[in-house]
Amino acid sequence: MTRLSNDWRRTHYTKDANESVTGKEVTVMGWIHEIRDLGGIVFVLIRDKKGILQLTAPTKETEPQLLEDIRKLRKESVIGLKGTVQESGKAPNGVEIIPTEIKIFSLANQPLPMDPTDKVKAEIDTRLDSRFLDLRRSSVSSIFKIKSKMLHTFRTFFESNDFLEINTPKLVASATEGGTELFPITYFEKEAFLGQSPQLYKQMMMSAGFDKVYEIAQIFRAEEHDTLRHLNEAISIDMEASFMDDVDVMKILNDLVQKVIINVKQNCKEELKTLEVDLETPEGHFEIVKYDDAVDMINSKDVPMEWGEDLSRAAEKALGDMMNGYYFLTEWPTEIKPFYAMPNEENPINSHAFDLMYKDLEISSGAMRVHQHDLLREKIAEKGLNPDAFGGYLKAFEYGMPPHAGWGLGADRFNMTLTGLENIRETVLFPRDRRRLTP
RNA sequence: GCCCUGGUGGUGUAGGGGCUAUCAUGUGGGCCUGUCGAGCCCGCGACUCGGGUUCAAAUCCCGGCCAGGGCGCCA
């Protein structure tokens, strides 16, 4: 096993060692994908981040020492290869490397805990137990290349629209928001929790005069749900903006979803092809369904739902069947939305809260917020929470809080809609669910 | 947390009271100069755990753990 010495550096990724460098010597670095030893000729496929390249060694024309090294190789071992690029109609990409020297950096033990070449399928649980191997498959790494492009699009958009990136604490003192279960932790001599949402903090930044902020960060929820669309640790993309209402931030969300899709289609062609996804760019404004109308639509499909209830799973499915792609669900009843959602001025039983849905999946939810201190205090009490426990938060509303609005979007769920995946675990490197805490 | 279904070589599976436990892939060895899911020959490797029923349990029963599907919960 050898170290990386000074004269060994990659000159080409596998996909760049093509016809354009025929006859030249190149150095590639990568993993052994497959070995086919035909006796008189040995083929070895080398894989890196960008593709697969064939090494071809006719035994009679290969140095005995080099040949011996090649025959020592095992699947998924890591090597460096120096060789000459040769055009050949018989090679997989039309070119192959005639080796002059190889360095074995790391031999892989056998048998492997799963097959990274897709010949024998493995279940998600097996795959997650050996995630590093699973991720060597292009069908899996493609998901994360798309996710990276998606996150990049959000950041670029926010930065170019004068949003400030913020980092709010994930260690919090109490479960003041109510609703969701939190993970308790020990914080020196006190009890603390992992943050469920940056909601309260990003609102406080409005009082700080930051005007437009965003945060892309982990959120933690201790719910015991065990479904294909819930995790206990997820990435939330949050934004909040002053002097805006729900309609303004819905417009931003609408634009962003379209921008992400356009960008992914443009920059992740190979990845989409690998995943066999044909992404459609939604045009113009997403359809808007008022909560009141949604209740009627759902009941028309014989799924019982009373006004004032949240959507059951059956209701989400029924509505999703009637809708096409992305749509907004608006004017939710005030009583089933959190205390910080602004009630409608004329008809306070309805609110300025909305959800962004993709078929039957909730992607994002947002609202115009309550910025009046006294009203907010009242609403906290109405939810059965103790306003005094919200001291630090409420204080920010007492000394000049602008009207504001914002949303939070589940990045992993959104990624599911881009990649066509049905299990949210697929879209997270190391998912944390009801049972899984490792690796 | 509830309901349903399941757990067999490294991986994916067949079988379903007494079998030498099926097949593929893999893996170790051998043959082969154009492989590309290479081919051929030989070998290796498994019944989730605990208890019970039975002459006999991988198989039936109970419980645990884990998984798949559905639901609930999800500011």
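Below, read A as the first sequence line, B as the second, and so on, with proteins coming before strands; counting in each chain starts at 1. Values in this document were obtained by computation on a predicted structure and should not be read as measured data.
Between A:His404 and A:Phe397, the ring-plane angle classifies as tilted under the 30° and 60° cut-offs. Between A:His225 and A:His230, the ring-plane angle classifies as parallel under the 30° and 60° cut-offs. Taking the six-membered ring where tryptophan is involved, the planes of A:Tyr326 and A:Tyr358 are tilted, since the angle between them lies from 30° to 60°. Using bins of under 30°, 30° to 60° and over 60° for the plane-to-plane angle, the ring pair A:Phe328/A:Phe286 lands in the tilted bin.
B:rC3 and B:rU13 have their P atoms separated by 26 Å, given to the nearest Å. Look at the C1' atom in both B:rG9 and B:rU22: the space between them is 12 Å, to the nearest Å. As rounded to the nearest Å, B:rG45 and B:rC23 have P atoms that lie 15 Å from one another. Annotation: B:rG26 and B:rG10 have their P atoms spaced 16 Å apart (nearest Å). With both ends at atom P, the span from B:rU25 to B:rC36 equals 14 Å, rounded to whole Å. Comparing the C1' positions of B:rG37 and B:rC42 gives an interatomic distance of 23 Å, to the nearest angstrom. For B:rC66 and B:rG29, the C1' atoms lie 37 Å apart once the distance is rounded to whole Å.
Straight-line distance from the CG atom of A:Leu228 to the C1' atom of B:rG72: 15 Å, rounded to whole Å. Atom pair A:Leu311:CG and B:rG72:P shows a separation of 11 Å (rounding to whole Å applied). The CZ atom of A:Arg413 sits 13 Å away from the P atom of B:rC74 (whole-angstrom rounding). Rounded to whole angstrom, the span from the CD atom of A:Glu76 across to the C1' atom of B:rG26 amounts to 13 Å. Counting to the nearest Å, the P atom of B:rC74 and the NZ atom of A:Lys383 are 12 Å from each other. The interatomic distance linking A:Ile336 (CD1) with B:rC74 (C1') rounds to 13 Å, in whole Å. Atom CG of A:Leu182 and atom C1' of B:rC74 are 12 Å apart (whole Å). The CD atom of A:Glu181 sits 14 Å away from the C1' atom of B:rG72 (whole-angstrom rounding).
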- Message: Can you give me the dot-bracket string for RNA chain B, 5' to 3', counting Watson-Crick and G-U wobble pairs with both distances under 3.5 Å, using [ ] for crossing pairs and | for partners on another strand?
- Response: (((((((..(((.....[....)))((((((.......))))))...(((((..]....))))))))))))....

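With B:rC71, B:rG72, B:rG12 as the candidates, the nucleotide lying closest to the side chain of A:Ser312 is B:rG72. Distance from the side chain of A:Arg313 is smallest for B:rG72 among the nucleotides B:rU11, B:rG26, B:rG72.
Around atom CD of A:Gln110, more than 12 heavy atoms belonging to other residues, nucleotides or ligands sit under 6.0 Å away.
By the 6.0 Å and 45° rule, A:Lys50 stacks over the aromatic ring of A:Tyr13.
Using a 4.0 Å heavy-atom criterion, one finds that A:Glu224 contacts the bases of the nucleic acid, with or without backbone contacts as well. Nucleic acid contact class of A:Asp118 (heavy atoms, under 4.0 Å, all strands): none.
Looking only at distances, no side-chain donor or acceptor of A:Lys147 sits under 3.5 Å from a matching main-chain atom of A:Ser142. In this structure, A:Ser77 contributes its side chain and A:Leu73 its backbone to no donor-acceptor pair below 3.5 Å. In terms of modelled atom types and a separation under 3.5 Å, the side chain of A:Asp48 and the main chain of A:Gly51 share a donor-acceptor contact.
Checked against the 6.0 Å centroid threshold, A:Phe354 and A:Tyr291 do not count as a close aromatic pair.
Under the 4.5 Å side-chain criterion, counting only non-hydrogen atoms from C-beta, A:His33 is in contact with A:Ile52.
When each of A:Arg71 and A:Glu123 is assigned the nucleotide of RNA chain B with its nearest heavy atom, A:Glu123 is the one assigned upstream, toward the 5' end. Mapping A:His230 and A:Ile124 onto RNA chain B by nearest heavy atom places A:Ile124 closer to the 5' end of the strand.
In terms of phosphate contacts, A:Arg434 brings a side-chain nitrogen or oxygen within less than 4.0 Å of OP1 or OP2 of B:rG1.
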- Letter per nucleotide, 5' to 3', of nucleotides 33-43 of chain B [B base touched, S only sugar-phosphate touched, - untouched; heavy atoms, 4.0 Å]: BBBBSB-----

